[in-house]
Amino acid sequence: MHSVVLNEKIASLDNCVLYLLRQASIHKSACFVHSYCLFSYFEPELLICSLSVAVSIQLTLMLAFIGLGLGATIEFKDVIRCIKDKRLAVFTGAATQFGLMPLIAYIFIKIFSIRSENAIGLILVACAPGGVTSNLLTYYSLGDVALSITMSAVSTLLSFGFLPFLVFIYLENALDITGIKIPYDSIALSLLTLIAPAALGVCIRSRTEKYALYVEKMGSIVGLVFLAAAFIHALVTNIHLFRQTFGIWFSSMTLQIIGSFFGYLCAWSLKLTNKDKRTIAIEAGLQNVTLIIAMIQLSFPKDERETILVCVYIYSLAFIWNSLFIVLLFRFYLSPRDPEAPLEADNVKNKPSQDGIHLEAKANPTSEVTKGNNHSTHYS
């Protein structure tokens with residue numbers, strides 16, 4: 001009897017880990033799958049349990065290290081600046097994320113007559129807050145990393161209230177679906193994983209900029225490896241998704257792009273800076289899928305989960321090429337159009353050139369000509 005209960009607990013734990021890892025932010029590797037099958041064949045219960053926990057911890061640490069590297073790119077004054085001077089940008093991002101994204105998903109459901117089992121996943125993805133991955137893409141897009149981290153933290157905090165409210169509006173009221181459980185512990189864990197590593201990175205930069213640069217580079221490299229592994233995993237494990245209908249595919253695949261477009265449009269209409277526009281666009285379209293998978297895991301029986309998770313998986317798969325397109329567009333097309341910051345302009349102006357003459361003096365060559373003319377007049 002004890003063995004049966006232990007088997008059920010291990011199966012439940014491992015099932016939960018598999019679902020939590022199957023999204024764009026946290027993915028299990030192929031090596032883990034093969035090892036899992038091998039160990040399951042010999043039925044070493046404790047080893048399977050330990051392996052699942054170990055992989056979960058390893059991937060969580062990877063996200064935490066990415067957050068550490070991103071935190072090392074900013075200073076305390078950047079965080080204070082966001083809190084004091086960029087409240088409009090933070091509000092715009094939150095309004096787009098919790099206001100427009102669920103509405104867009106609901107419009108898709110009505111246009112394509114998506115059945116309720118699939119609609120649950122699409123609505124829940126649209127209601128989710130941001131996470132570490134949006135901060136990483138902001139870094140690659142030359143956006144405002146401090147603002148991105150602030151917005152992710154604020155949206156995660158707001159999700160304690162907005163998630164139940166949006167579930168009531170769109171699922172319980174509009175689609176007559178009940179029984180959704182809010183994973184408050186997962187929300188708290190997401191908030192901790194987001195804030196703690198970033199805060200440590202900020203502390204490292206405040207103490208020594210040299211080591212902060214090393215941490216930043218390592219975090220960037222880990223982020224690239226992370227996204228590459230996510231892409232390979234998504235292609236290998238989600239082939240069955242290509243059999244879904246056009247409406248499900250179009251809705252799930254374009255949700256991020258449309259959300260980012262409206263986020264950028266809102267920021268542009270408010271005349272925010274170019275960096276803020278890019279940051280809000282990324283934050284608005286990119287959702288914390290891990291949180292949604294945890295909600296579905298808690299709320300529905302096993303035989304219903306696969307159908308509900310279809311839109312979640314397609315969104316996660318499309319996240320790879322959507323994010324690549326957004327980063328390339330922002331980094332190589334829009335960011336070169338940024339006006340030069342006043343502080344950088346002053347630094348360039350006062351920086352000495354190679355021959356020791358200040359650029360400010362070079363910018364006014366008439367003074368040298370006048371001086372030469374005075375000399376020639378004197379000697380004549």
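Checking K275, R81, R278 one by one against D144, the side chain to side chain donor-acceptor pair (under 3.5 Å) holds for a single residue, R81. Partner of Y106 under the side chain to side chain contact (heavy atoms under 4.5 Å, CB included) criterion, out of I123, L171, L122, I169: I123 alone.
A distance of 8.0 Å separates CG in D85 from CZ in R87, rounded to the nearest 0.5 Å. Note that CG of N118 and OG of S251 are 10.0 Å apart. Values are rounded to the nearest 0.5 Å. Interatomic distance, OG1 of T254 versus CZ of F108, reported as 3.5 Å (0.5 Å rounding). Summarising the geometry, atom CG belonging to L291 is positioned 10.5 Å from atom CD1 belonging to I296; distances are rounded to the nearest 0.5 Å. In this structure, the separation between OH on Y315 and CG on N322 is 8.0 Å, given to the nearest 0.5 Å. Here the CZ atom belonging to F261 is positioned 12.5 Å from the CD1 atom belonging to I326, to the nearest 0.5 angstrom.
Residues L157 and P129 are not in side-chain contact: their nearest non-hydrogen atoms beyond the backbone lie 4.5 Å or more apart. No side-chain heavy atom of L158 sits under 4.5 Å from any side-chain heavy atom of F165. Considering only heavy atoms from C-beta on, Y264 comes within 4.5 Å of L334 through its side chain. You'll find the side chain of M151 stays beyond 4.5 Å of the side chain of C82, heavy atoms only. In this structure the side chain of Y333 never reaches within 4.5 angstrom of the side chain of L328, judged on heavy atoms. Contact check for Y140 versus F330: no side-chain heavy atoms found under the 4.5 Å cut-off. Using a 4.5 Å heavy-atom threshold, the side chains of D78 and E75 count as touching. In this structure the side chain of F300 never reaches within 4.5 angstrom of the side chain of E306, judged on heavy atoms.
Minimum interatomic distance between Y170 and G99 (heavy atoms only, all atoms of both residues): OH-O, 4.4 Å. Taking every heavy atom of both residues into account, L272 and I280 meet most closely at CD1-CD1, 3.5 Å. Heavy-atom minimum distance, S260 versus A281: OG-O, 2.8 Å. Looking at every heavy atom in both residues, L166 comes nearest to C127 through CB-SG, 3.6 Å. When all heavy atoms of S134 and S152 are compared, the closest pair comes out as OG-OG, 3.3 Å. Residues L88 and T92 come closest through the heavy atom pair O-OG1, 2.7 Å.
If you check the side chains of Q97 and Q287, you find a donor sitting under 3.5 Å from an acceptor. Side-chain polar atoms of E283 and T96 form no donor-acceptor pair below 3.5 angstrom. Looking only at atom types and distance, the side chain of T156 has no donor-acceptor partner in the side chain of N288 under 3.5 Å away.
Under the 4.5 Å side-chain heavy-atom criterion for ILVMFWY residues, no single connected hydrophobic cluster contains both I149 and I80. Hydrophobic clustering of Ile, Leu, Val, Met, Phe, Trp and Tyr side chains at less than 4.5 Å, counting indirect connections, keeps L324 apart from L137. Under the 4.5 Å side-chain heavy-atom criterion for grouping Ile, Leu, Val, Met, Phe, Trp and Tyr, L163 is connected to Y184 within one hydrophobic cluster. Grouping the Ile, Leu, Val, Met, Phe, Trp and Tyr side chains by contacts below 4.5 angstrom, directly or via other members, places I83 apart from F91. Under a hydrophobic-cluster definition in which Ile, Leu, Val, Met, Phe, Trp and Tyr are linked whenever side-chain heavy atoms come within less than 4.5 Å, directly or via other members, L142 and V145 are assigned to different clusters.
Between F98 and F162, the ring planes are parallel. Angles under 30° get that label, and only those over 60° would be called perpendicular.
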Test side-chain contact (heavy atoms from CB on, under 4.5 Å) applied to N274 and S335, step by step: CA-CA 8 Å; N274 290 349; S335 66; over 6 Å; no

Worked check of side-chain contact (heavy atoms from CB on, under 4.5 Å) between F112 and I248: CA-CA 8 Å; F112 296 108; I248 291 176; over 6 Å; no

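Other residues, nucleotides and ligands contribute at most 12 non-hydrogen atoms within 6.0 Å of the CG atom of D176. Residue F160 qualifies as enclosed at atom CZ: its count of foreign heavy atoms under 6.0 Å is above 12.
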